[in-house]
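The block underneath contains the structure these notes are about, expressed in structure tokens.
Numbering starts at 1 and runs along the sequence shown.
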Amino acid sequence: YIDMMTASLLFRAGNASGETERVSNLLLQSIESLELVGSFDGDVVYHGTSVENAEKIRNLGIDMKKSSGGYFGYGFYTAIDEETSRCNYCDFLDEPGTVLAFRILPGANILDLRKEEDSNTFSDLVGGVEVDNYHNVMKRNKVDGVFDRSFEGIIFYTSKYLELIK
């Protein structure tokens with residue numbers, strides 16, 4: 001798995017060295033492999049938050065009612081990479097921030113919007129629904145989370161499949 005920044009750098013390097021075709025084939029294989037991503041069981045995700053809220057999460061667990069919402073509605077937003085979590089969440093706080101790490105426990109039903117079938121399911125579920133009600137629709141349909149490439153992360157509508165590890 002490679003991110004788009006790495007892909008861009010590889011392409012430029014291949015182009016400069018005259019190996020454009022070989023590098024393009026490697027990139028294509030990587031992109032195709034993204035479509036084959038399976039379960040998220042056991043994966044680690046990261047949540048950026050204030051030091052105060054991190055302490056509350058450590059002591060009391062995740063309170064889904066604390067979500068301020070977002071593009072995918074109310075839920076617990078995570079990133080698949082720690083630096084993304086730090087840059088997208090901690091760096092915008094008016095107070096010191098920190099990043100918590102969670103392991104995804106087996107059995108979570110996560111729609112992966114990179115997959116056409118999951119993307120269609122998501123569209124069918126939320127079509128005509130106000131974003132503020134996405135979490136209710138997802139919970140009613142037993143969808144625990146949604147992975148989206150736009151923020152390289154998963155929004156969880158329930159915390160029962162997340163285990164705090166750091």
Less than 4.5 Å apart, side chain to side chain, heavy atoms only: is that true for [X] and [Y]?
X      : Y      : result
Ile57  : His47  : yes
Ile104 : Phe156 : yes
Ile155 : Tyr71  : no

| task | Determine, for Tyr46 and Arg86, whether the Lys NZ or Arg CZ falls below 6.0 Å from the six-membered ring centre while staying within 45 degrees of the axis. | result | no
| query | Counting distance only, does the side-chain N/O of Ser85 pair as donor-acceptor with the main-chain N or O of Gly48 below 3.5 Å? | reply | yes
What distance do [X] atom [atom1] and [Y] atom [atom2] have between them, rounded to the nearest 0.5 Å?
X      : Y      : atom1 : atom2 : value
Asp112 : Thr121 : CG    : OG1   : 11.5 Å
Asn109 : Phe40  : CG    : CZ    : 11.0 Å
Thr49  : Ile62  : OG1   : CD1   : 10.5 Å
Leu60  : Asn53  : CG    : CG    : 11.0 Å

side-chain contact (heavy atoms from CB on, under 4.5 Å) partners of [X], counting only residues at least two apart:
X      : result
Lys66  : Asp63
Asp148 : Phe72, Leu113, Ser150, Phe151
Thr84  : Ala79, Asp81, Asn88

| Do the side chains of Tyr74 and Tyr77 join up, straight or via other hydrophobic residues, at under 4.5 Å, putting them in one cluster? | no
| task | Say whether Ile154 and Leu100 are linked into one hydrophobic cluster, either directly or through other cluster members, by side-chain heavy-atom distances under 4.5 angstrom. | result |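 The answer is yes; both residues are in one hydrophobic cluster.
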Side-chain polar contacts of residues 130-141 - donor-acceptor pairs under 3.5 angstrom, sequence neighbours left out - could you list them?
residue : atom : partner : partner atom : Å
His135  : ND1  : Asp132  : O            : 3.2
Asn141  : ND2  : Val137  : O            : 2.8

| What pairs with Asp41 under side-chain hydrogen bond (donor to acceptor under 3.5 Å, both in side chains), at least two apart in sequence or on another chain? |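 Expected list: Ser39.
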| Who passes side-chain hydrogen bond (donor to acceptor under 3.5 Å, both in side chains) against Asp124, sequence neighbours left out? | none
| query | Which heavy-atom pair separates Val44 from Ala101 by the least distance, and what is that distance? | reply | CG1-CB, 4.1 Å
| message | Ignoring hydrogens, what is the shortest heavy-atom contact between Thr98 and Ala54? Give both atom names and the distance. | response | CG2-CB, 3.4 Å
Donor-acceptor list for residues 159-166 side chains, cut-off 3.5 Å, not counting sequence neighbours:
residue : atom : partner : partner atom : Å
Lys166  : NZ   : Glu82   : OE2          : 3.1

| With sequence neighbours excluded, what pairs up with Phe102 under the ring pair (Phe, Tyr, Trp, His ring centres under 6.0 Å) test? |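 Once residues adjacent in sequence are excluded, the partners of Phe102 under the ring pair (Phe, Tyr, Trp, His ring centres under 6.0 Å) criterion are Phe76.
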| field | Any residue meeting ring pair (Phe, Tyr, Trp, His ring centres under 6.0 Å) with Tyr157, in chain and number order, not counting sequence neighbours | value | none
